[in-house]
Amino acid sequence: MLIGLCGGICSGKHAIAEYLIQNQGFRLLELKSNTISQAADEDEVDLQLQVPDTNGGIKSPPSTVFECVDSLLEFATKNWQGLWVTADIWEGTTLDRFLQRPFFLLVSVDAPVSLRWKRLVDRCRRRQTEPPSLEKFIFWNDQHLYEKNVGRAYLTDRAQVRLFNSSSSLEELHAALKALNLADDQRLRPSWDQYFMQLASLAAQRSNCMKRRVGCVLVRDHRVISTGYNGTPRHIRNCNEGGCPRCNRGEGGGLGLSTCLCLHAEENALLEAGRERIREGAVLYCDTCPCLTCTVKITQVGISEVVYSKGYNMDQDSATILRTAGIRLRQFSPPQNGLIYLG
């Protein structure tokens with residue numbers, strides 16, 4: 001596994017690298033020099049990664065240094081089963097090559113500008129050097145993140161994990177990182193549950209129902225049988241174009257269902273698959289727990305298990321029907337995605 005760290009000045013990426021090295025067995029991969037980094041003035045304001053030695057002094061962490069990106073990437077590819085971390089990814093072309101590797105995880109780190117400036121001021125005072133003004137720091141920050149062709153914002157926008165490091169102490173940061181477990185292999189390759197639930201969520205993006213987006217995937221032996229999303233039937237005007245008067249009236253959940261023209265995601269998936277293709281052992285993934293009407297149909301076609309992500313206002317009634325029919329019902333919540341607050 002190779003974790004690439006990117007982010008703003010004094011956002012905490014070096015502190016996170018240090019934590020991974022000291023507590024989770026990672027080793028540092030570095031590039032010998034980089035003119036783009038120097039152009040962004042990062043060397044003036046960002047400390048080199050340091051760790052205390054056993055005698056209380058400061059030493060460089062265990063690392064491997066490379067002359068160029070090609071040699072770093074070649075090394076990481078040949079040694080992908082190890083645990084590696086680098087903060088030396090600076091531009092988009094290089095990132096594209098790293099993201100092609102199944103062992104690579106890009107993590108961005110950010111923090112409020114005022115907090116990052118305070119961190120830099122504290123560092124400068126410890127070193128007995130003159131700290132920059134807030135105005136100068138903001139100039140450095142803008143150049144570092146947004147300068148054309150070399151700004152880091154292009155990298156941070158593509159990160160698979162985005163951390164907001166508002167921690168006030170290293171102890172607080174380390175506790176948050178321990179709970180987060182960046183080294184989890186499922187961040188690189190999703191489990192079957194995570195994979196199929198993501199497909200269900202993707203199907204939901206095609207929904208045209210004015211009430212809520214719902215997606216569904218039918219699976220047997222880890223193979224997709226069919227997918228579905230909610231909306232009006234074929235040849236009927238889409239719900240979001242006025243095709244279902246009930247949904248467009250904005251009635252509350254569960255009201256006026258007998259007049260609703262929209263097929264549910266589960267219904268569409270079941271109709272698409274047909275009973276002969278479903279058979280025993282099929283699993284239904286839905287990003288919302290099935291309603292009572294869909295539950296009856298799920299029971300009829302012989303589904304063996306229903307996996308859902310979010311609850312609905314009929315969960316207990318649906319659960320009773322499924323339990324009586326001998327169908328397993330369980331909730332799966334995918335790992336946290338998007339922006340993650342530390343501290």
Side-chain angles (χ1 to χ4, degrees), residues 191-234 236 238-240 243-334:
S191 66
W192 285 116
D193 277 348
Q194 186 177 350
Y195 174 62
F196 292 127
M197 197 62 77
Q198 286 176 347
L199 290 181
S201 296
L202 179 62
Q205 299 306 304
R206 282 287 302 166
S207 170
N208 62 71
C209 181
M210 290 295 292
K211 295 296 291 183
R212 78 164 69 203
R213 287 176 166 177
V214 181
C216 178
V217 175
L218 274 176
V219 176
R220 189 180 65 248
D221 298 328
H222 294 155
R223 297 292 183 269
V224 174
I225 303 172
S226 65
T227 64
Y229 54 87
N230 57 329
T232 49
R234 189 175 301 175
I236 302 298
N238 285 339
C239 182
N240 61 355
C244 177
R246 179 259 176 184
C247 289
N248 281 269
R249 284 195 300 267
E251 295 184 6
L255 298 177
L257 292 178
S258 61
T259 64
C260 184
L261 301 183
C262 288
L263 287 164
H264 289 192
E266 301 94 320
E267 292 175 310
N268 272 323
L270 294 173
L271 288 168
E272 179 68 24
R275 182 178 173 85
E276 292 304 314
R277 293 178 62 200
I278 295 173
R279 301 200 305 271
E280 195 71 25
V283 181
L284 183 144
Y285 286 86
C286 193
D287 59 359
T288 302
C289 186
C291 70
L292 189 59
T293 301
C294 288
T295 297
V296 172
K297 296 172 182 176
I298 290 168
T299 303
Q300 178 66 11
V301 298
I303 298 291
S304 297
E305 183 178 19
V306 173
V307 185
Y308 71 97
S309 176
K310 292 172 286 190
Y312 190 55
N313 58 8
M314 301 181 191
D315 288 5
Q316 293 305 315
D317 294 336
S318 298
T320 300
I321 294 294
L322 294 173
R323 183 170 56 250
T324 303
I327 299 172
R328 185 184 180 194
L329 174 68
R330 62 184 173 90
Q331 185 173 15
F332 171 76
S333 297

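Quick note: numbers below take in every heavy atom, side chains included, and nothing from hydrogens, waters or symmetry partners. In this text, all values refer to a predicted model and were calculated from it rather than measured experimentally.
The residues Glu305 and Arg330 are annotated as salt-bridged, a charged nitrogen and a carboxylate oxygen being separated by less than 4.0 angstrom.
Heavy atoms of other residues, nucleotides or ligands lying less than 6.0 angstrom from CZ of Arg277 number more than 12.
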Determine, step by step, whether Leu199 and Thr227 satisfy the side chain to side chain contact (heavy atoms under 4.5 Å, CB included) criterion, reporting the C-alpha distance in whole Å, the side-chain angles of both residues, the deciding distance to 0.1 Å, and the verdict.
CA-CA 8 Å; Leu199 290 181; Thr227 64; 5.9 Å; no
Under the criterion side chain to side chain contact (heavy atoms under 4.5 Å, CB included), I'd like the reasoning laid out for Tyr229 against Gln205: C-alpha separation, chi angles, the key distance, then a yes or no.
CA-CA 8 Å; Tyr229 54 87; Gln205 299 306 304; over 6 Å; no
Derivation of the side-chain hydrogen bond (donor to acceptor under 3.5 Å, both in side chains) call for Tyr285 and Asp193:
CA-CA 8 Å; Tyr285 286 86; Asp193 277 348; 2.6 Å; yes
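A donor-acceptor pair is defined here as one N or O able to donate and one able to accept, closer than 3.5 Å; such a pair exists between the side chain of Asn248 and the backbone of Cys239. In this structure, Gln331 contributes its side chain and Ser309 its backbone to a donor-acceptor pair below 3.5 Å. Although no hydrogens or angles enter the test, the distance criterion places no donor-acceptor pair under 3.5 Å between the side chain of Arg220 and the main chain of Ile225. In this structure, Ser304 contributes its side chain and Glu280 its backbone to no donor-acceptor pair below 3.5 Å.
Contact check for Val307 versus Met197: side-chain heavy atoms found under the 4.5 Å cut-off. A heavy-atom distance below 4.5 Å is found between the side chains of Ile298 and Pro290. Taking 4.5 Å as the limit, every side-chain heavy atom of Val296 sits out of range of all side-chain heavy atoms of Gln300. For the pair Val306/Cys286, no side-chain contact is recorded, criterion being any heavy-atom separation below 4.5 Å from C-beta on.
Across all non-hydrogen atoms, the minimal contact from Val214 to Ala265 is O-CB, 3.4 Å. Closest of all the heavy-atom pairs between Cys294 and Glu267 is SG-CG, 3.8 Å. The two residues Ala269 and Leu218 come nearest to each other via the heavy atoms O-CD1, 3.5 Å. The two residues Thr288 and Glu266 come nearest to each other via the heavy atoms O-OE2, 4.1 Å. What you find for Ala204 and Asp287 is that their closest heavy atoms are CB-OD2, 3.5 Å.
Between the CZ atom of Arg246 and the SG atom of Cys262 there is a distance of 8.0 Å, given to the nearest 0.5 Å. Taken from SG in Cys247 to CG in Asn240, the straight-line distance is 10.5 Å, to the nearest 0.5 Å. For the atom pair OG1 (Thr232) and CE (Met210), the distance works out to 12.0 Å, reported to the nearest 0.5 Å. Interatomic distance, Leu263 CG to Ile236 CD1, rounded to the nearest 0.5 Å: 10.0 Å. Here the NE2-SG distance, from His264 to Cys216, works out to 12.0 Å after rounding to the nearest 0.5 Å. One distance of note links SG of Cys291 with CG of Asp317; it measures 10.5 Å at 0.5 Å rounding.
Results of the side chain to side chain contact (heavy atoms under 4.5 Å, CB included) test with Ile303 over Thr295, Leu322, Leu284 single out Leu284 as the only residue that passes.
The aromatic rings of Phe196 and Trp192 sit parallel, their planes meeting at an angle under 30°, below the 60° perpendicular limit.
Between the side chains of Asn230 and Ser207, at least one donor-acceptor pair of N or O atoms lies under 3.5 Å.
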